[in-house]
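Below is one structure, written out as structure tokens; the observations come after it.
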Amino acid sequence: MSFPLLTATAALPALGAIATAAVPATKRTAAKWLALLVSIATLALAVVVLVRFDPGGDRYQLTESHAWIADFGVRYELGVDGIGVALIALTALLIPFIILAGWHDADPVETGSKRWRPTQGFFALILVVEAMVILSFEATDVFLFYIFFEAMLIPLYFLIGGFGDRAHEHGEKAAATQRSYAAVKFLLYNLAGGLVMLAAVIGLYVVAGNFSLTEIAEARANGSLEMSTSTERWLFLGFFLAFAVKAPMWPLHTWLPNAMQESTAPVAVLITAVVDKVGTFAMLRFCLQLFPEASKWATPVIMVLAVISIIYGALLAVGQRDIKRLIAYASISHFGFIIMGIFAMTSQGQSGATLYMVNHGISTAALLLVAGFLISRRGSRLIADYGGVQKVAPVLAGTFLIGGLATLSLPGLAPFVSEFLVLVGTFTRYPVIGVIATFGIVLAALYTLVLYQRTMTGPLRPELAKMPDLRAREIAVAAPLIVLLVFLGVYPKPVTDIVNPAVKQTMSDVQQKDPQPEVEAAK
């Protein structure tokens with residue numbers, strides 16, 4: 001029996017979480033180092049998965065299949081395609097930076113009376129989320145995917161509600177109330193979407209007789225599984241609703257600004273750069289593959305909702321007073337681009353959307369983690385409380401600027417390539433949608449540059465005169481992310497070579513071909 005590499009990649013952080021939680025309460029530093037080493041070891045396994053994956057080989061590789069709940073046709077089935085491999089690598093890459101950036105976020109604090117923040121629990125919960133996200137990218141059994149898709153909500157609920165941001169203008173009591181509200185809202189929104197999906201999963205089993213993604217998709221392709229038009233559409237809507245909440249897409253997005261605002265910066269990165277990618281990934285893997293006709297039927301409405309997300313998120317980002325809330329609305333706009341690329345039903349759009357998932361994860365992590373370093377120094381998330389920071393902390397200001405420029409998709413930085421591909425892929429089939437979406441780029445430049453101007457330039461506020469620049473640990477977090485943004489902006493081929501074959505197979509699932517350009521006949 002070959003080594004179960006995919007299982008090991010997810011099991012390592014899960015076992016690491018147990019070990020981290022078991023570290024004695026007095027050994028906080030040991031728990032931190034253990035969690036960091038486990039995340040680095042998981043990254044090493046993800047690199048092995050990446051190296052062993054053959055883009056020109058079978059659609060799903062490194063597969064594992066074992067009987068689990070045989071009476072109900074549930075199997076422990078894992079496999080990765082090019083899209084899954086890319087997102088597993090992104091997840092494993094970001095977790096060590098999240099842990100390093102949150103090194104002191106769960107240390108004991110004193111707020112009038114002594115309040116203990118269980119350090120071991122904080123880092124253990126991050127590793128649990130990593131394990132569940134990786135398994136979500138690997139699962140090829142629909143029921144198995146559903147379990148981890150929903151289970152990751154529990155550790156995230158505790159990370160938001162129990163380890164929220166300490167920077168709050170109205171004091172600790174108000175902060176605790178806001179954290180609780182944000183955590184409950186996050187949980188209720190995602191659980192509601194998940195319950196609808198559970199009904200659709202059960203309906204799919206009734207129709208297909210099993211939960212195997214590969215078997216159901218193959219049966220749909222060869223015509224041995226008949227599904228009425230109305231049944232397919234209802235099942236598609238059940239799956240898509242859950243994924244649209246997780247993504248998040250307008251109008252199901254309202255939980256994200258609260259969750260990101262009240263979380264620590266590393267947990268906010270975990271939510272928007274890692275966990276939310278499961279929603280857009282699942283649209284490609286499950287919606288398009290299992291319900292191709294329903295996907296095409298719903299495309300016009302989804303494209304309109306996606307472009308609303310782009311413009312709405314960008315407009316609200318322009319008017320924000322809170323740094324993290326601004327980044328949250330910017331992410332809603334970016335997820336609109338990703339969803340638009342997926343449902344443009346062109347190879348350029350879907351390749352760009354997949355590349356956008358990777359690049360958005362890196363760029364958001366860079367910007368948000370540096371913003372977290374800034375907020376921890378000042379103790380405030382409000383933009384108005386800053387000004388002239390570049391005079392006393394030039395390295396912090398410089399990394400913040402590069403993260404911001406990546407967010408607005410500046411040419412030469414990674415998000416530009418993916419956003420360009422999404423827009424090209426959209427223009428060829430939906431030119432009006434493409435034109436409207438382009439205004440999102442203009443608004444992105446506005447909210448990013450205004451944010452930088454108000455926080456980093458201008459007269460130095462007296463209370464910021466002694467603000468320290470980035471420390472060695474913080475540079476170790478920011479510098480590799482900046483390097484990756486530049487490298488993938490100049491040379492995205494390593495990622496596109498992996499994802500393009502999977503995109504072609506997805507296009508084949510929905511029986512779509514790229515529109516041919518209209519060339520005026522020579523006179």
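Side chains are part of it too, since the values below use all heavy atoms of this structure and drop only hydrogens, waters and symmetry mates. The first residue in the sequence is number 1, and the count goes up from there.
Residue pairs that meet the side-chain hydrogen bond (donor to acceptor under 3.5 Å, both in side chains) test with at least one member in residues 231-240, sequence neighbours left out, are R220-E232, S228-T231.
Of the possible polar contacts, none joining the T272 side chain to the A268 backbone as a donor-acceptor pair under 3.5 Å is found. Q261 places no side-chain N or O within donor-acceptor distance of the main-chain N or O of D322, the cut-off being under 3.5 Å. Remark: side-chain polar atoms of T399 are paired, donor with acceptor, to backbone N or O of L396 under 3.5 angstrom. Using a distance-only test at 3.5 Å, with no hydrogens or angles considered, no donor-acceptor pair links the side chain of E130 to the main chain of I126. For T119 (side chain) and A106 (main-chain N/O), a donor-acceptor pair under 3.5 Å exists by modelled atom type. At distances below 3.5 Å, not a single donor-acceptor pair connects side-chain atoms of R381 with backbone N or O atoms of I375.
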Side-chain donor/acceptor pairs under 3.5 Å, residues 237-253, sequence neighbours excluded:
residue	atom	partner	partner atom	Å
K246	NZ	F149	O	3.1
H253	NE2	Y312	OH	3.3

- Begin from the C-alpha positions of N210 and I216 and carry the test side chain to side chain contact (heavy atoms under 4.5 Å, CB included) through to its verdict. CA-CA 8 Å; N210 65 78; I216 297 172; 3.5 Å; yes
- Criterion side chain to side chain contact (heavy atoms under 4.5 Å, CB included) on V499 and L355, from CA distance to verdict: CA-CA 8 Å; V499 303; L355 187 60; 5.7 Å; no
- Task: Mind running side chain to side chain contact (heavy atoms under 4.5 Å, CB included) on E138 and V80 for me, showing each step along the way?
- Result: CA-CA 5 Å; E138 296 174 344; V80 286; 4.1 Å; yes
- Candidate pair I83 and R285, rule side chain to side chain contact (heavy atoms under 4.5 Å, CB included), full reasoning: CA-CA 9 Å; I83 300 170; R285 171 166 283 190; over 6 Å; no
- Can R377 and E474 be said to form a salt bridge (Lys or Arg N to Asp or Glu O under 4.0 Å), step by step? CA-CA 12 Å; R377 285 159 165 74; E474 296 165 335; 2.7 Å; yes
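Note: M260 CE to Y329 OH = 11.5 Å, rounded to the nearest 0.5 Å. Taken from CG in L87 to CD1 in I134, the straight-line distance is 11.0 Å, to the nearest 0.5 Å. Distance CZ/F137 to CG/L90: 7.5 Å, rounded to 0.5 Å. Of the inter-residue distances, the one linking L36 atom CG with I95 atom CD1 reads 11.5 Å to the nearest 0.5 angstrom. The CZ atom of F186 sits 9.0 Å away from the CG atom of L159 when rounded to the nearest 0.5 Å. Separation of atoms CD1 (I160) and NZ (K185) is listed at 12.0 Å; rounding is to 0.5 Å.
Scanning for side chain to side chain donor-acceptor pair (under 3.5 Å) contacts around Y76 gives T7, with sequence neighbours left out. Listed by chain and residue number, L446, R454 satisfy the side-chain contact (heavy atoms from CB on, under 4.5 Å) test with V450 (two or more places apart in sequence, or in another chain). The side chain to side chain donor-acceptor pair (under 3.5 Å) search around T214 returns S212, not counting sequence neighbours. Residues that satisfy the ring-ring contact (aromatic ring centres under 6.0 Å, His included) test with H360, not counting sequence neighbours, are H334, F335.
Here the side chains of R378 and V389 are not in contact, with every heavy-atom distance at 4.5 Å or above. At a threshold of 4.5 Å between non-hydrogen side-chain atoms, the residues E150 and L198 do not count as touching. Put simply, the side chain of E419 does not reach to within 4.5 Å of the side chain of N359, judged on heavy atoms. Between F286 and V201 there is no side-chain heavy-atom pair separated by less than 4.5 Å. Between Q350 and L284 the shortest side-chain heavy-atom distance falls below 4.5 Å. Residues V267 and I98 are not in side-chain contact: their nearest non-hydrogen atoms beyond the backbone lie 4.5 Å or more apart. Between L125 and F163 there is a side-chain heavy-atom pair separated by less than 4.5 Å. Counting heavy atoms from C-beta on, the side chains of L405 and T448 never come closer than 4.5 Å.
Shortest non-hydrogen contact noted between A353 and I338 is CB-O, 3.3 Å. Shortest non-hydrogen contact noted between Q120 and V23 is NE2-O, 3.5 Å. When all heavy atoms are compared, the tightest approach of A406 to L413 is N-CD1, 3.5 Å. Taking both residues in full, the closest heavy atoms of A437 and V307 are given as N-CG2, 3.7 Å, listed atom of the first, atom of the second, then distance. The two residues L235 and L204 have their closest heavy-atom pair at CD2-N, 3.8 Å. When all heavy atoms of A273 and L94 are compared, the pair lying nearest together is CB-CD1, 3.9 Å.
Within the 6.0 Å centre-distance limit, the rings of Y205 and F211 are counted as a close aromatic pair.
Taking the six-membered ring where the residue is Trp, F291 and F236 present perpendicular rings, their angle passing 60° and hence far from 30°.
Remark: the T407 side chain and the Y447 side chain contain no N/O donor-acceptor pair separated by less than 3.5 Å.
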